[in-house]
Number of protein chains: 2
Amino acid sequence: MTVSKTAEKSSEKPADMAKGRKDAAEAQPEALQLGELSEQLGYVLKRAQLKVFENFLRCMATLQLTPAQFSVLLLVEKNPGRNQTEIASTLGILRPNFVAMLDNLESRDLCARIRSTNDRRSHILVLTDKGKAVLTRAKKLVATKHEARLNDLLGQANRETLLAMLAKIANEF
Amino acid sequence: MTVSKTAEKSSEKPADMAKGRKDAAEAQPEALQLGELSEQLGYVLKRAQLKVFENFLRCMATLQLTPAQFSVLLLVEKNPGRNQTEIASTLGILRPNFVAMLDNLESRDLCARIRSTNDRRSHILVLTDKGKAVLTRAKKLVATKHEARLNDLLGQANRETLLAMLAKIANEF
DNA sequence: GATAATTGTTATGGACCATATCAAATATCG
DNA sequence: CGATATTTGATATGGTCCATAACAATTATC
């Protein structure tokens, strides 16, 4: 399905003073037919996902949190005392890739690794005070600037319907 | 939001003979609380998208077509006579990244680049006979094995509602 | 107590995305 | 016309994310 993150600069153009156009008669299309593409679940899903992530990043620009980082903070807050493997795996992150991510969050003093006394192999994850504060601000931003936009676009009822359908796909597809 | 492509092997475990469990009394959770995560649009969207792509790849295993490749074939078929820039940009693919993709499809004799006589800079893209045949088979597979699954899961009406909402997000978010 | 399994980690490779740059061809405009 | 700018496909390159193998330290298993 493709769909990169690139901005579509060409979509802003006049789109008529383009290529083939000698007089004013033979108006060449210039806009391609999407055809069955717009009916492809994966295609539409991916495009929507990119747009949502893009908007998320804009909303979180001041806090410098990516969707992945936000999800980690959320999960650590909700499940204090868990180790890296547990947090990572429920987010679908592989342990090796989670290391650098935690290094980042820890270097920003948003969360901390604590050697477990029960099992000295594992690192218990906790939010720092700053991490809690940032997460609180992040939640507010997401709710007011990001998720609120869905209500404006679809309406409260449809928004819930959409989330339910997506969850169903995520779990049962 | 995270959500990698990794299989969730741990979701198949008994999930009870795990860590803390001395007798049979203090059943420790072992399953983390997702909390507000399951209400995050981006999180659910991404998880759904990964599942859909994963299923798409399985359905197309015999044809060895990725979602991106499928979308290119679809678009070239619907818009014959267009050049690389036009096809790539409407799919959100950057021209540099489109080169290797076309190299692949062309090496498999699915599509061909033809030097335009009007503008000798550009390459007109066309499906080969084999490309058309493969695309026909691909469409059938997608329709019967992939998209049909959405109907089984959501029902025809909901499926259309979902696509409409996703399209709206993709275009207006 | 020897062996197996787990945890965090490093190293590494692949896929995808983005930018700068280039030569060839074309468009633009003095 | 001819100099300059633009466009097209392409290469090179770097970044991010995803996936696997391997390792040391620690713990579990038998």
Side-chain angles (χ1 to χ4, degrees), chain A residues 1-10 13 17-22 30 46-47 49-50 53-54 57 66-69 71-72 82-89 91-106 112-125, chain B residues 1-10 13 17-22 30 46-47 49-50 53-54 57 64 66-69 71-72 82-89 91-106 111-125:
Chain A
M1 274 76 178
T2 302
V3 184
S4 87
K5 283 166 218 155
T6 317
E8 21 220 284
K9 314 160 198 173
S10 60
K13 300 195 290 187
M17 52 183 305
K19 247 175 141 198
R21 201 81 184 314
K22 308 203 170 170
E30 170 66 17
K46 179 100 195 192
R47 284 204 95 101
Q49 184 259 314
L50 287 175
F53 268 45
E54 190 184 309
L57 288 174
T66 68
Q69 291 168 336
S71 70
V72 170
R82 299 300 191 136
N83 63 25
Q84 297 185 198
T85 297
E86 292 171 313
I87 298 290
S89 79
L91 287 177
I93 306 178
L94 294 174
R95 272 84 69 217
N97 300 327
F98 195 47
V99 174
M101 220 176 139
L102 269 187
D103 288 347
N104 180 351
L105 293 176
E106 204 171 17
R113 301 183 232 224
I114 303 177
R115 273 243 115 84
S116 169
T117 52
N118 304 333
D119 186 341
R120 300 213 329 269
R121 289 171 297 186
S122 59
H123 288 167
I124 296 308
L125 298 183
Chain B
M1 274 79 178
T2 303
V3 183
S4 87
K5 283 166 218 156
T6 316
E8 22 222 284
K9 315 162 195 170
S10 61
K13 299 197 286 190
M17 50 183 306
K19 248 177 140 196
R21 202 74 184 318
K22 309 204 168 171
E30 169 67 17
K46 178 101 194 190
R47 282 204 97 101
Q49 184 259 313
L50 287 175
F53 268 46
E54 191 184 308
L57 288 174
Q64 284 287 94
T66 68
Q69 291 168 337
S71 71
V72 170
R82 299 301 192 134
N83 64 26
Q84 296 185 199
T85 298
E86 291 171 314
I87 298 291
S89 79
L91 286 178
I93 307 177
L94 294 175
R95 272 83 70 215
N97 300 328
F98 196 47
V99 174
M101 218 176 140
L102 269 187
D103 288 347
N104 180 351
L105 293 177
E106 205 172 15
C111 79
R113 300 183 232 224
I114 303 178
R115 273 244 114 84
S116 168
T117 51
N118 303 333
D119 186 341
R120 300 210 334 266
R121 290 171 296 188
S122 59
H123 289 167
I124 295 310
L125 298 183

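Naming convention: chains lettered A, B, ... in sequence-line order (proteins, then strands); numbering from 1 in each chain.
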Item checked: Which atom of Leu125(A) lies closest to which atom of Leu102(A), heavy atoms considered -> CD2-CD1, 3.6 Å

Checklist line | Rounded distance (nearest 0.5 Å) linking atom OG of Ser89(B) with atom CG of Asn83(B) | finding: 8.5 Å

Checklist line | Separation of atom CD1 in Ile93(B) from atom P in dA10(D), rounded to whole Å | finding: 14 Å

Note to self: Strictly distance-based, threshold 3.5 Å: is any side-chain N or O of Arg115(B) a donor or acceptor partner for the main-chain N or O of His123(B)?
What the structure shows: no

Note to self: Can you tell me if Thr85(A) touches the phosphate of dG8(C), counting only side-chain N or O atoms and a distance under 4.0 Å to OP1 or OP2?
What the structure shows: yes

Checklist line | Interatomic distance, Arg115(A) CZ vs dT9(C) C1' [rounded to whole Å] | finding: 10 Å

Notebook entry, point to check: Whole-Å distance between dT7(D) C1' and Gln84(B) CD?
Noted result: 13 Å

Check: Asn83(B) side chain: which of dA20(C), dG8(C), dG9(D) is closest?
Finding: dG9(D)

Notebook entry, point to check: Do Leu57(B) and Pro67(B) come within less than 4.5 Å of each other through their side chains, counting heavy atoms only?
Noted result: yes

Margin query: Output the rounded distance in Å from CE (Met101(A)) to C1' (dT10(C)).
Written below: 18 Å

Item checked: Separation of Gln49(B) CD from Glu54(B) CD (nearest 0.5 Å) -> 10.5 Å

Note to self: Using side-chain heavy atoms (C-beta onward) and a distance below 4.5 Å, is Gln84(A) in contact with Arg95(A)?
What the structure shows: no

Is there any protein nitrogen or oxygen under 3.5 Å from a nitrogen or oxygen in nucleotides 24-27 of chain D, and what are the pairs?
| from | atom 1 | to | atom 2 | distance (Å) |
| --- | --- | --- | --- | --- |
| dT26(D) | OP1 | Arg120(A) | NH2 | 3.4 |
| dT26(D) | O2 | Arg121(A) | NH1 | 3.3 |
| dT27(D) | OP1 | Arg120(A) | N | 2.9 |

Next item on the list: Could you tell me the separation between the CD atom of Glu106(B) and the P atom of dA10(D), rounded to a whole number of Å?
Entry: 8 Å

Checklist line | Selection from dT11(D), dT20(D), dG8(C) that lies nearest to any side-chain heavy atom of Pro96(B) | finding: dT11(D)

Check: Can you tell me how far C1' of dT7(C) sits from CD1 of Ile87(A), to the nearest Å?
Finding: 14 Å

Under 3.5 Å, which N/O atoms of the protein pair with N/O atoms of nucleotides 12-14 of chain C?
none

Margin query: Give me the atom names and distance for the closest heavy-atom approach of Lys46(B) to Phe53(A).
Written below: CD-CZ, 3.8 Å

Next item on the list: Provide the closest heavy-atom pair for Ile87(A) versus Arg82(A) in the form atom of the first, atom of the second, distance.
Entry: CD1-CB, 4.0 Å

Item checked: Nearest-angstrom distance from the residue atom CD of Gln69(B) to P of dA15(C) -> 11 Å

Next item on the list: Find the distance Leu94(B):CG to dT21(C):P and express it as a whole number of Å.
Entry: 16 Å

